[in-house]
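Reviewing the structure listed below.
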Amino acid sequence: MPLEFELCPGRRVGGAQPCFIIAEIGQNHQGDLAIAKQMIRMVKECGADCAKFQKSELEHKFNKKALERPYTSKHSWGKTYGEHKRHLEFSHDQYRELQKYAKEIGIYFTASGMDEMAVEFLHELDVPFFKVGSGDTNNFPYLEKTAKKGRPMVISSGMQSMDTMHKVYQLVKPINPNFCILQCTSAYPLQPEDVNLHVITAYQSAFPDIPIGYSGHETGVAISVAAVAMGAKVLERHVTLDKTWKGSDHQASLEPNELAELVRTIRLVEKAMGSPVKQLLPCEMACNEKLGKSVVAKVPIPEGTVLTLAMLTVKVGEPKGYLPEEIFDLVGKKVKINIEEDETITEDAIENHVKKVKC
């Protein structure tokens with residue numbers, strides 16, 4: 001059984017725990033604090049477990065030339081990439097306000113620290129766990145410093161190889177055992193043929209002592225539900241209030257009705273996963289009583305006859321008798337009463353024969 005650990009206060013992940021659903025607001029709030037709060041409430045109302053943002057300290061995430069680069073995309077909020085990112089970046093005080101709001105309405109709140117200084121701020125903010133975005137998964141100094149903070153970690157694996165993920169595991173595990181890895185493909189929106197859900201199974205095999213999850217950028221909910229059915233214990237999906245808004249992430253995000261459907265369907269599938277023990281269930285008894293078959297006499301069978309297979313057949317019988325699967329066990333047994341043609345073979349008709357007890 002994969003390791004369980006407490007990802008947020010009072011909420012464990014892994015093992016038999018329900019999937020932890022992260023709604024990635026990211027920067028889909030358009031740089032507007034009121035919209036951000038509206039999205040936190042929406043995420044809560046849709047049933048997700050956590051509202052997540054992305055925090056950057058821009059001068060630590062980008063070099064000067066990257067910030068000064070002209071940005072002429074239709075999604076741009078400024079003439080340069082730096083102006084664009086500054087428009088979307090909330091201040092420390094705004095993050096404190098968002099965290100307070102999330103606590104008031106009762107939903108977990110965290111953010112991806114997009115650089116080492118952002119991680120320092122989030123640690124000071126006392127977030128329940130750190131999310132490591134795919135762009136920092138192979139940033140080993142960042143990863144080591146983040147792991148040493150001692151908070152649980154959720155690590156996405158977009159743009160990485162299995163060899164790199166082994167190195168990530170070997171780096172983080174001795175420092176901080178409370179982490180999970182998410183299968184992820186960094187494309188927005190993600191095409192189904194590039195999802196590679198089988199990597200979830202590969203991760204489960206390669207890292208059997210940590211929970212494995214899925215971070216999806218596809219459209220719709222079906223693939224994410226399939227990931228949970230395959231054992232994903234943490235699921236992350238981007239969310240938006242309107243896919244037509246300006247911003248490159250909106251198209252690969254779920255609108256409120258889709259997020260609600262995703263949560264509802266995941267909980268339904270988790271319920272349906274049930275038990276690995278195959279047995280006759282109480283809910284099947286009515287059908288079994290009505291349609292369950294028994295061994296019956298194909299011909300008249302006089303008292304003292306030793307049964308052969310030619311004397312027996314299987315029908316829906318009244319009363320119930322030996323199960324069809326027991327027909328071969330009856331061959332060679334002696335009957336101690338007369339049995340009419342088409343009559344059910346019951347236990348009291350067979351000499352020294354006890355029905356098998358099923359475990």
Are Ser224 and Arg237 close enough that a side-chain donor and a side-chain acceptor fall under 3.5 Å? yes
Side chains of Ser161 and Thr164: is there a donor and an acceptor less than 3.5 Å apart? yes
Go through the steps for Glu289 and Lys320 under the test salt bridge (Lys or Arg N to Asp or Glu O under 4.0 Å), then give the verdict. CA-CA 8 Å; Glu289 282 298 313; Lys320 296 294 181 186; 5.6 Å; no
So Lys334 and Thr305, do their side chains get closer than 4.5 Å, heavy atoms only? no
Residue pair Leu241 / Met39, side-chain heavy-atom distance below 4.5 Å: yes
Output, in order, the C-alpha distance, side-chain angles, deciding distance and verdict of side-chain contact (heavy atoms from CB on, under 4.5 Å) for Tyr142 and Asp115. CA-CA 7 Å; Tyr142 164 100; Asp115 54 80; 5.6 Å; no
Can you check whether [Y]'s main-chain N or O pairs, donor with acceptor, with [X]'s side chain at less than 3.5 Å?
X: Thr265; Y: Glu261; answer: yes
X: Glu270; Y: Cys19; answer: yes
X: Ser294; Y: Gly321; answer: yes
X: His217; Y: Thr185; answer: yes
X: Thr344; Y: Thr346; answer: no
X: Glu144; Y: Phe140; answer: no
X: Asn28; Y: Val239; answer: yes
X: Ser157; Y: Gln160; answer: no
X: Ser156; Y: Ser134; answer: no
X: Asn196; Y: His198; answer: no

Could you tell me the separation between the [atom1] atom of [X] and the [atom2] atom of [Y], rounded to the nearest 0.5 Å?
X: Glu89; Y: Tyr95; atom1: CD; atom2: OH; answer: 5.5 Å
X: Lys37; Y: Gln94; atom1: NZ; atom2: CD; answer: 9.5 Å
X: Ile210; Y: Lys173; atom1: CD1; atom2: NZ; answer: 6.5 Å
X: Asp242; Y: Ile35; atom1: CG; atom2: CD1; answer: 10.0 Å
X: Leu323; Y: Lys293; atom1: CG; atom2: NZ; answer: 13.0 Å
X: Phe5; Y: Phe179; atom1: CZ; atom2: CZ; answer: 8.5 Å

Using a strict threshold of under 4.0 Å (side-chain N to carboxylate O), is an ion pair present between [Y] and [X]?
X: Glu4; Y: Lys233; value: no
X: Lys64; Y: Glu59; value: no
X: Lys243; Y: Glu258; value: yes

Can you say whether the rings of Phe20 and Phe129 are parallel (under 30°), tilted (30 to 60°) or perpendicular (over 60°)? perpendicular
List the atom of [X], the atom of [Y], and the distance in Å for their closest heavy-atom pair.
X: Thr137; Y: Val168; result: O-CG2, 3.4 Å
X: Ala48; Y: Ile107; result: O-CD1, 3.7 Å
X: Tyr108; Y: Arg11; result: OH-CB, 3.5 Å
X: Leu259; Y: Met42; result: CD2-SD, 3.9 Å
X: Gln54; Y: Ala111; result: N-CB, 4.3 Å
X: Asp348; Y: Lys336; result: O-CE, 2.8 Å

For the pair Asp49 and Arg267, evaluate salt bridge (Lys or Arg N to Asp or Glu O under 4.0 Å) and give the outcome as yes or no after the intermediate values. CA-CA 12 Å; Asp49 294 293; Arg267 298 309 178 211; 3.2 Å; yes
Run the ring-centre check on Tyr81 versus His84 and record whether the distance is less than 6.0 Å. yes
Looking at the rings of Phe109 and Phe53, which for Trp means the six-membered one, are their centres under 6.0 Å apart? yes
Heavy atoms from other residues, nucleotides or ligands near [atom1] of [X] exceed 12 (cutoff 6.0 Å):
X: Lys298; atom1: NZ; answer: no
X: Glu6; atom1: CD; answer: yes
X: Lys315; atom1: NZ; answer: no
X: Lys246; atom1: NZ; answer: yes
X: Lys145; atom1: NZ; answer: no

Can you list the residues that meet the side-chain contact (heavy atoms from CB on, under 4.5 Å) rule with Pro300, with sequence neighbours excluded? Glu341
Glu124 and salt bridge (charged side-chain N to carboxylate O under 4.0 Å, His left out): which partner among Arg96, Arg151, Lys55? Arg96
Apply the side-chain hydrogen bond (donor to acceptor under 3.5 Å, both in side chains) test between His250 and each candidate in His238, Gln30, His75, Glu255; give the one that qualifies. Gln30
